[in-house]
Structures are given as C-alpha cells and as structure tokens.
> 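The structure is given below, and queries will be raised subsequently.
Treat the numbers as computed from the prediction; the structure is a model and nothing was measured.
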Amino acid sequence: MTELNIGLLAHVDAGKTTLSEALLWTAGMLRRAGRVDHGDAFLDTETQEKERGITIFSKPARLTWKNQPITLVDTPGHTDFSGETERALWVLDCAVLVISGSEGVQGHTLTLWRLLESYRVPAVIFVNKCDMPGADKAAVLRQLQRQLSDGCQDLSTEEGLENAAGQSEMTMEQYLASGTVDDAALRQLVTERRLFPVCFGSALRCEGIPELPDTLLRLAPRPPSPADFGARIYKIGHDAQGTRLAFLKVTGGCLRAREELHDPAGEWIEKVNQLRLYSGARFTPVSEAGAGTICAVTGLSQVKAGDALGAELPAPTALLEPAFAYEVLTEDDPAEVLQ
C-alpha cells in the first residue's frame, strides 16, 4: 500500500510534538509517550532540542494505522526555523495544522496557513489542548472559519457536514438526496482545498487521538504513483558517524540500493550506497523504496535541498527568507564541525 506522508505544523507551544508522541504511542510504535518538557520526546533527538525543549529540525517517524503505512514529518514551530518547515512541505500529501484550544489562531499560524495555500497542500486541523482552562471549541471553530477559511468544518456534527456539502454543487446535491456525503466526495473537497476537516482533543491526555488518523485515512488525498522514476530532495543531514544523508521522497517508480543516479544536466553520476527508512534517530536499511516513500540516501555528495532526480521537477523557490545569512569557514573536517 502506498505510503501516506503527513506533516505536523503549528505555532510554537501548540503541542505539535506532543501530538506526534501521542499518535506514535496510540499506534503501538512507542512503549510510552515522551514529553518535550522532560527532554525525552521520540523525535527531538538532537542535544539542543532536548536542552531547549523545542523542535529545531524536521524529522520523519513511521507508523501503521489500520494497515495503512504513514510517515509523520514533525516540523519546527519556532519562526527561527521556519525554513526547515517550508522544505518539508515539498514532500507532503497532507498536513495537520495544530491549533492550541486555549490560544486559538496565533501569528505564526497565519504564516503556516499561507505556506500551505501557496504550495497547495491539503490540510486537516487538530485543535489541541481542549482540556485546558479557557479552551472553547465552538469559539476556536468560529475563529478558524473567520481567519483561515469557511471550509474549516467539524464533520462529526450535522451542521459541519451540511456546511461541508455546501462547498460544491455536486456534494450539495448528494447531501440533499441522501442526507450525507460519501468519503470519496469529501476527499475531493479536501484535495481541492475547499474543505479542512477539524478534529478536537488533547495530545497530552491522548484524548481524541484515534479520530485524527481515522480522518486522515478517510479523507487525505492519495497522490498518483507514476511508473517513471522520480524523486525530490527536501533535506540534507548527517548521521552520528558524519555520513551525509539526502532525505527525499520517491515520487514515481522505484529507487534501489546500488543504483546509479545522475543530475538532469548529466554533470555527475553517483551510486546510491544505502537506503534508510528513518523513524526518529533509528533507521532500517532497505533494498528499495517505491513511489510515495520518504527515505534517506547515502552516497550522494552533489545534491542539495530542492533538487530533483529522474522525471521529478525541482522544488519551487522558497517563499520564506531568513532575517540574516551567515557562512562558517573552517579548516577542520565539516562532519566534525557539524557534530
């Protein structure tokens, strides 16, 4: 079954990483859910992330929900690291935008929303921290509809389903005829970014968590899988031994270990040494990766984030610009400096 690649995005402190922990624990991938403030979150693996209690780097985590393989991509919430978040959008099938139930739509939430709109990434909204004092589900839902889109609807209610049906003539006709709208029609609305299903819960207390992956399985788009090989690189990193890793999504065909790849201009040819499926700091080596798979590749020294391989098109120019730029000049081994 084709992988479903889901990105988790949020304004800082909305509980995004806690949500990833809850999803992994609920799916049986973790023995216990870690906590950001305890420094033991599964996806905050870097020393600075543990010390500061924030996410700095986007990282994948793999889970299976009702036989559907899902790759979660946890992204930074701080604006300082929003470039890392933007690059992750290049490989997502759908995003989960996490909103604090006690804070509602915040400043960086609007930036993330504009990014999702620019890249045409479908989204499901999870209103977190609904157990907190001051959390008002109805008020947050109205704010979402006012500040983001009137397509933000709670499909668990009759009013929400009716409002969702009103997003197109076809779905309204179906609703008037049968009193409901089938999942295929709702999924099309989500794909076209007319509908943004809203779920409610508390990640810390694991309340409302199963409903989120259920909604994603029902309504998240399923992108096509072309036969011709293609891949898009969204991140460059290094493992603990300093090995260079090119994180990519296979967008078509199949990528195999020991296969030779080249750039579109034919200026270089390099061999893929290893394919790795990462989940946090852990990885599983595999012999091949099919369309839809997010993996890390060793052996590619020439590529950079945004590059395309095979039939894939290069990533669009990044929309966010850093407030300042810097360059590090060193005579030491770059791999040692990065550590």
Side-chain angles (χ1 to χ4, degrees), residues 1-9 16-17 19-31 33 42-43 58-75 88-98 116 121-126 155-156 181-193 195-201 203 206-227 231-232 234 247-255 275-280 282-284 286-296:
M1 188 178 294
T2 304
E3 302 249 353
L4 189 58
N5 299 301
I6 306 297
L8 301 180
L9 291 77
K16 168 186 52 56
T17 301
L19 176 60
S20 70
E21 296 286 317
L23 288 168
L24 291 168
W25 181 79
T26 302
M29 309 307 292
L30 298 179
R31 292 184 179 179
F42 180 71
L43 287 173
S58 64
K59 283 180 284 299
R62 303 173 62 80
L63 62 89
T64 300
W65 188 260
K66 297 181 179 178
N67 298 320
Q68 169 66 57
I70 297 174
T71 296
L72 294 178
V73 181
D74 188 31
T75 65
L89 300 186
W90 297 342
V91 296
L92 299 183
D93 301 322
C94 187
V96 174
L97 182 62
V98 185
L116 292 171
V121 178
V124 171
I125 296 173
F126 182 78
L155 300 182
S156 67
V181 182
D182 61 44
D183 286 351
L186 291 173
R187 184 183 300 119
Q188 186 61 34
L189 291 177
V190 173
T191 302
E192 295 173 357
R193 287 183 48 86
L195 174 63
F196 306 94
V198 180
C199 303
F200 299 88
C206 286
E207 296 173 357
I209 299 303
E211 289 77 9
L212 178 57
D214 282 346
T215 299
L216 291 168
L217 260 60
R218 287 176 50 220
L219 304 179
R222 299 300 195 277
S225 300
R232 175 175 288 176
Y234 73 98
F247 287 84
L248 56 81
K249 177 184 178 181
V250 180
T251 55
C254 184
L255 178 61
L275 295 175
R276 301 178 179 182
L277 300 182
Y278 267 90
S279 194
R282 310 168 190 168
F283 72 86
T284 302
V286 293
S287 59
E288 62 180 41
T293 303
I294 288 179
C295 61

> Test of understanding: with side chain to side chain contact (heavy atoms under 4.5 Å, CB included), list the residues that count as partners of E288, not counting sequence neighbours.
C254, R256
> Do the side chain of S225 and the main chain of G252 share a donor and acceptor less than 3.5 angstrom apart?
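Not a single qualifying donor-acceptor pair exists.
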> Under a 3.5 Å distance rule, please check whether K66 uses its side chain to pair with a backbone N or O of D214 as donor and acceptor.
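The answer is no, because no donor-acceptor pair under 3.5 Å joins these two groups.
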> In sequence, state the C-alpha distance, the side-chain angles, and the governing distance for L248 and C295, and then conclude on side chain to side chain contact (heavy atoms under 4.5 Å, CB included).
CA-CA 6 Å; L248 56 81; C295 61; 3.7 Å; yes
> Identify the heavy atoms of L4 and P221 that sit nearest to each other, and give their distance.
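Looks like CD1-O, 3.7 Å.
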> With the side chain counted from C-beta on, respond yes when V96 and L212 share a heavy-atom pair under 4.5 Å apart, and no when they do not.
yes
> Taking all non-hydrogen atoms of both residues, which atom of T251 and which atom of A231 are closest, and how far apart?
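Scanning both residues completely, I find the closest heavy atoms to be OG1-N, 3.5 Å.
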> If you look at every heavy atom in L186 and R218, which pair is closest and at what distance?
CD1-NH2, 4.0 Å
> Go through the structure and list residues passing side chain to side chain contact (heavy atoms under 4.5 Å, CB included) with P223, not counting sequence neighbours.
D93
> At what distance, to the nearest 0.5 angstrom, does CZ of F126 lie from OG1 of T215?
10.0 Å
> Name all residues meeting the side chain to side chain contact (heavy atoms under 4.5 Å, CB included) criterion together with S156; count only those two or more places apart in sequence or in a different chain, and write none if there are none.
D154
> Find the distance between CD1 (I6) and CD1 (I70) and round it off to the nearest 0.5 Å.
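So the gap between those two atoms works out to 6.5 Å.
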> Side chains of L23 and P213, heavy atoms from C-beta outward: is any pair under 4.5 Å?
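Yes, close enough: below the 4.5 Å cut-off.
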> Minimum heavy-atom separation for M29 and L63, please, with both atom names.
CG-CB, 3.6 Å
> Quick one: CG on L116 to CG on L97, what's the gap to the nearest 0.5 Å?
6.5 Å
> Does T71 have any side chain to side chain contact (heavy atoms under 4.5 Å, CB included) partners at least two apart in sequence or in another chain, and if so, which?
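For T71, the residues satisfying side chain to side chain contact (heavy atoms under 4.5 Å, CB included) (neighbours in sequence not counted) are E3, N5, P60, R62, V73, I294.
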> Taking side chain as C-beta onward, heavy atoms only, is L277 less than 4.5 Å from T293?
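Contact flag for L277/T293 side chains = yes.
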> With rounding to the nearest 0.5 angstrom, report the OG to CG distance, S279 to L72.
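If I round to the nearest 0.5 Å, the distance is 8.5 Å.
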> So which heavy atom on R187 is nearest to which on L217, and how close?
NH2-O, 4.1 Å
> Say whether, by atom type as modelled, one donor and one acceptor occur between the side chain of Q68 and the main chain of T2 under 3.5 angstrom.
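Checking the backbone N and O of T2 against the side chain of Q68, a donor-acceptor pair under 3.5 Å is found.
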> How about CZ on R222, more than 12 heavy atoms from neighbouring residues, nucleotides or ligands closer than 6.0 Å, or not?
yes
> Would you say L216 and C94 make side-chain contact, with heavy atoms under 4.5 Å?
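The answer is yes, as the side chains (C-beta and beyond) meet within the 4.5 Å cut-off.
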> Please list, chain by chain and in numerical order, all residues satisfying ring pair (Phe, Tyr, Trp, His ring centres under 6.0 Å) with Y278, sequence neighbours excluded.
F247, F283
> Can you tell me how far the OG atom of S20 sits from the CG atom of D74, to the nearest 0.5 Å?
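These two atoms lie 4.5 Å from each other.
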> Can you tell me how far apart CZ (F196) and CG (L189) are? Round to the nearest 0.5 Å.
10.5 Å
> Ignoring hydrogens, what is the shortest heavy-atom contact between P197 and V124? Give both atom names and the distance.
O-CG1, 3.4 Å
> With sequence neighbours left out, write down each residue that passes salt bridge (Lys or Arg N to Asp or Glu O under 4.0 Å) with E207, or none if nothing qualifies.
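Partners of E207 under the salt bridge (Lys or Arg N to Asp or Glu O under 4.0 Å) test: none.
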> I want to check something: taking the side chain as every heavy atom from C-beta on, are I209 and L19 in contact at a cut-off of under 4.5 Å?
yes
